[in-house]
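Scroll down for the structure; my scribbles are underneath it.
What you see below is based on every heavy atom in this structure, not just the backbone, and it leaves out hydrogens, waters and symmetry mates. Within every chain, numbering begins at 1; the chains are lettered A, B, ... in the order of the sequence lines, protein sequences first and strands thereafter.
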2 protein chains.
Amino acid sequence: MTDRPRIRNIADLAKIAGVSPGTVSRALSGAGLISQKTRDRIQALAREHEFRPNVMARNLRIQRTGAIGVLIPLGHETGQHISDPFFITMLGLLADALTERGYDLMLSRVIPTDDDWLDRYADSGRVDGIIVIGQSDQSAVLDRAAARYRPLVVWGGHSRGQVHCSVGSDNVIGGDIATSHLIERGCKRITFLGDPTPLEIAQRLEGCRQALARAGLDDALTVFPAHLAAGIDESDITAYLANAETRPDGIFAASDVIAMSALRALSELGLAVPGEVKVIGYDGLALGEHTVPRLSTVKQDLTTGARNLVDLLLRRIAGEDTSSVVMMPELVARLSS
Amino acid sequence: MTDRPRIRNIADLAKIAGVSPGTVSRALSGAGLISQKTRDRIQALAREHEFRPNVMARNLRIQRTGAIGVLIPLGHETGQHISDPFFITMLGLLADALTERGYDLMLSRVIPTDDDWLDRYADSGRVDGIIVIGQSDQSAVLDRAAARYRPLVVWGGHSRGQVHCSVGSDNVIGGDIATSHLIERGCKRITFLGDPTPLEIAQRLEGCRQALARAGLDDALTVFPAHLAAGIDESDITAYLANAETRPDGIFAASDVIAMSALRALSELGLAVPGEVKVIGYDGLALGEHTVPRLSTVKQDLTTGARNLVDLLLRRIAGEDTSSVVMMPELVARLSS
DNA sequence: ACTATTATGGCAATCGATTGCAATCGCAAG
DNA sequence: CTTGCGATTGCAATCGATTGCCATAATAGT
């Protein structure tokens with residue numbers, strides 16, 4: 001071992017190589033005006049001494065971090081965790097998409113206590129751009145931040161007049177699809193299971209009402225504001241479904257996670273699915289294939305969604321101005337309806 | 001608005017405030033030798049101009065980033081995603097634990113193609129410490145890195161002679177518990193569902209063998225190397241279980257995710273659980289409460305686990321030397337066994 | 001009023017890599 | 001053997017905040 005004096009920076013390596021720090025930098029950072037010979041020599045030297053340039057210094061100099069912040073605002077339900085299957089799925093897909101494009105992913109769970117959590121994060125200089133998953137009840141904050149901070153995209157619903165750039169499926173159409181499906185299957189009394197506080201859920205409910213109106217079933221709807229978090233409201237759901245008089249013959253759950261709770265509640269009550277009650281969820285998560293019976297759902301193409309989010313964000317980082325993307329949801333009829 | 005000239009750095013603010021950059025730094029960064037009066041004045045000025053010190057510069061100077069890298073090596077199965085429920089759960093818990101301690105979480109999915117992915121990451125200077133989730137088949141790499149890079153902790157199994165600091169449950173005992181439970185329930189032909197390549201799974205299998213030996217059932221075991229990823233091997237599992245001659249009456253799945261696949265396969269085959277076949281999983285994930293029937297499992301306390309990981313890591317960052325933690329797994333008998 | 005002491009603030013070096021510009025090298029043509 | 005020109009490399013400023021050390025202002029003590 002000749003590497004007695006540990007190489008801590010580019011200057012040390014330069015000394016050993018007998019060149020200037022600038023040359024080492026050029027040799028290590030790929031492109032640049034430098035002869036192949038010295039480049040090889042210096043790279044070999046770096047490898048031999050296990051030297052890797054300090055990323056923070058580089059970041060400071062070139063003014064970018066190579067990281068994207070992924071924020072999950074939990075405004076409407078403090079009980080909901082990052083471990084919610086939807087977030088998790090999205091997170092995994094984003095991680096893959098970002099990795100592919102050479103970015104790291106900085107994860108933060110945010111419980112909005114004030115109005116400038118997003119501004120603070122944006123100005124911290126810790127990331128090159130921000131992806132927010134879900135508007136929760138923070139649309140105003142998002143709009144305000146978006147007006148000033150360009151590299152920001154949001155997964156969620158789209159509404160006219162919205163300032164921030166969003167990617168999501170058309171929740172109104174999705175709600176319509178789900179409800180129409182239940183109607184086609186012969187359902188006459190439909191329950192919407194979900195708390196319509198977040199924009200997306202409200203839109204799904206709107207689509208639901210729209211489909212019912214079209215079928216002349218306006219008063220066939222009951223809304224039961226079950227929470228999103230897995231299992232959190234399960235006994236409530238059970239109690240609600242136990243009542244034979246108000247019991248629906250079709251359930252449109254605002255998310256697959258809620259639908260799962262409903263399935264289990266029904267199973268406990270000994271109600272046959274889809275025989276006595278039909279159930280359809282929303283999201284198209286993988287877990288829907290593992291329920292008993294397999295869950296019908298309205299699928300949002302999250303893979304494409306994640307790719308779109310990353311794509312738009314990188315374009316905004318590059319200075320481009322992008323508009324929101326609304327994707328078409330799709331019926332996946334499995335065995336629960 | 002008097003903030004015509006945008007304040008981009010501490011020096012600009014200093015000019016406006018009529019003090020030196022050093023003073024501004026002290027005023028903004030909390031403690032320091034500075035009068036309350038000037039501090040207040042400068043902080044007000046900063047707020048007014050929406051100025052927030054650049055984090056990268058700060059990081060470079062003080063030589064820390066305030067971020068912890070969470071790495072998920074996918075050595076043994078490329079099909080497995082970050083969206084695997086176990087990872088996701090762990091990730092959420094880590095995010096919470098780290099946030100509490102004031103750290104950010106930098107997520108990276110790693111597909112080990114060479115032997116120094118970990119060294120590269122450690123030396124990049126992008127994080128203050130690293131948590132690796134699961135040893136996969138990379139124990140050697142982990143040990144090598146740990147010998148040199150202190151702030152590193154690993155979720156996973158513990159084996160004698162191991163160099164890296166790990167946190168995890170005692171998988172041998174866990175395997176024993178699960179198997180003993182099946183034996184008590186009267187199972188005579190047991191199948192271990194899982195690929196024992198990763199250390200943790202191998203240990204669970206070892207515990208399984210140990211319990212069987214104690215009961216004098218040494219040759220009651222079949223090992224079917226189902227993969228970890230949700231759904232990936234489901235048809236294989238179905239085919240295997242369809243064969244009445246080799247069909248077990250007890251299944252010990254190496255993870256809850258695998259157990260879920262098994263449950264669904266059994267349901268498709270019309271086999272009653274727990275009547276004809278008993279099933280027990282491993283991990284104690286929330287999703288086990290949502291299966292039909294509810295999944296019996298060996299629970300690892302992941303909340304405590306995550307807290308331990310963060311705790312040990314921070315102590316290592318502080319220079320302390322810590323030893324591994326092995327937690328006791330616990331039987332959660334639900335309805336599938 | 002004058003010195004001793006402490007509380008504040010300024011100066012300048014530092015963290016480590018990047019990069020525009022200038023200097024130098026090598027090679028070829030004259 | 002020069003001169004010319006492009007290909008390499010060196011020099012030094014820069015990114016923005018932190019902090020040890022010194023100077024000065026403010027306050028106390030006699």
Side-chain angles (χ1 to χ4, degrees), chain A residues 5-47 49-67 120 122-128, chain B residues 5-47 49-67 120 122-128:
Chain A
R6 175 106 189 272
I7 308 294
R8 341 195 112 277
N9 55 38
I10 227 174
D12 290 352
L13 225 213
K15 210 162 297 165
I16 294 199
V19 297
S20 78
T23 303
V24 173
S25 170
R26 281 185 261 258
L28 261 32
S29 62
L33 304 318
I34 198 174
S35 74
Q36 194 58 44
K37 205 184 325 173
T38 42
R39 160 161 309 163
D40 291 346
R41 190 167 60 86
I42 292 177
Q43 285 190 345
L45 218 46
R47 214 170 313 114
H49 290 268
E50 296 189 319
F51 169 74
R52 294 182 243 284
N54 181 299
V55 177
M56 285 191 290
R58 168 166 222 277
N59 287 348
L60 174 59
R61 180 62 231 244
I62 66 180
Q63 298 289 73
R64 36 161 281 154
T65 66
R120 271 207 311 278
D123 289 343
S124 76
R126 196 195 285 295
V127 295
D128 295 338
Chain B
R6 175 107 188 270
I7 309 294
R8 340 194 111 279
N9 55 38
I10 226 174
D12 289 353
L13 225 212
K15 209 162 297 166
I16 293 197
V19 297
S20 79
T23 305
V24 173
S25 169
R26 282 186 260 257
L28 261 32
S29 61
L33 305 318
I34 200 174
S35 73
Q36 194 57 45
K37 205 184 325 173
T38 41
R39 160 160 309 160
D40 290 346
R41 189 168 60 85
I42 292 177
Q43 286 190 346
L45 218 46
R47 213 169 314 114
H49 290 269
E50 296 190 319
F51 169 75
R52 295 187 240 283
N54 181 300
V55 177
M56 285 190 290
R58 168 166 222 276
N59 288 349
L60 173 60
R61 179 62 232 241
I62 68 180
Q63 298 289 75
R64 36 160 282 154
T65 65
R120 271 208 310 279
D123 290 343
S124 75
R126 192 196 288 293
V127 295
D128 295 339

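Atom CZ of A:R39 and atom P of D:dA7 are 15 Å apart (whole Å). The nearest whole Å value for the distance from the CZ atom in B:R41 to the C1' atom in C:dT8 is 13 Å. In this structure, B:L13 atom CG and D:dA17 atom P are separated by 9 Å, rounded to whole Å. Separating the CG atom of B:L60 from the C1' atom of C:dA17 is a distance of 9 Å, rounded to the nearest angstrom. The separation between A:Q63 atom CD and C:dG16 atom P is 18 Å, rounded to whole Å. Separating the CG atom of B:D123 from the C1' atom of C:dG16 is a distance of 15 Å, rounded to the nearest angstrom. The CD1 atom of A:I10 sits 15 Å away from the C1' atom of D:dC11 (whole-angstrom rounding). The nearest whole Å value for the distance from the CZ atom in B:R64 to the C1' atom in C:dG16 is 19 Å.
Distance from the side chain of A:S35 is smallest to D:dT9 among D:dT9, C:dG9, C:dG16. Among the nucleotides D:dG10, C:dG9, D:dA17, the one closest to any side-chain atom of B:T38 is C:dG9.
When heavy atoms are screened at a 4.0 angstrom cut-off, A:G125 is found touching no nucleic acid atom at all. B:I62 comes within contact range of the sugar-phosphate backbone alone, with a heavy-atom separation under 4.0 Å but no base atom that close. Residue B:S25 is in base contact, counting any heavy-atom pair closer than 4.0 Å across all strands shown.
Residue side chain B:R61 reaches the base of C:dT14 through a donor-acceptor N/O pair under 3.5 Å, judged by distance alone.
Closest non-hydrogen pair, A:M56 versus B:T65, comes out as SD-CG2, 3.4 Å. Residue A:E50 comes nearest to B:D123 through the heavy atom pair O-OD2, 4.1 Å, listed as atom of the first residue, atom of the second, then distance.
With A:F51 as the partner, the side-chain contact (heavy atoms from CB on, under 4.5 Å) test is satisfied by one option alone out of A:L13, A:L45, A:I16, A:I42: A:L13.
For A:R41 (side chain) and A:A17 (main-chain N/O), a donor-acceptor pair under 3.5 Å exists by modelled atom type. Proximity of a side-chain donor or acceptor of A:D128 to a complementary backbone N or O of A:G66 within less than 3.5 Å is detected.
Using a 4.0 Å cut-off, no side-chain N or O of B:T23 falls inside it from OP1 or OP2 of C:dG9.
Taken to the nearest 0.5 Å, the OG atom of A:S25 stands 9.5 Å off from the CZ atom of A:R61. With values rounded to the nearest 0.5 angstrom, A:R58 atom CZ is found 10.5 Å from A:L28 atom CG.
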With 3.5 Å as the limit, what N/O pairs link the protein to nucleotides 21-27 of chain D?
none

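Nearest-nucleotide mapping onto DNA chain C: of B:G18 and B:A57, the residue sitting toward the 5' end is B:G18.
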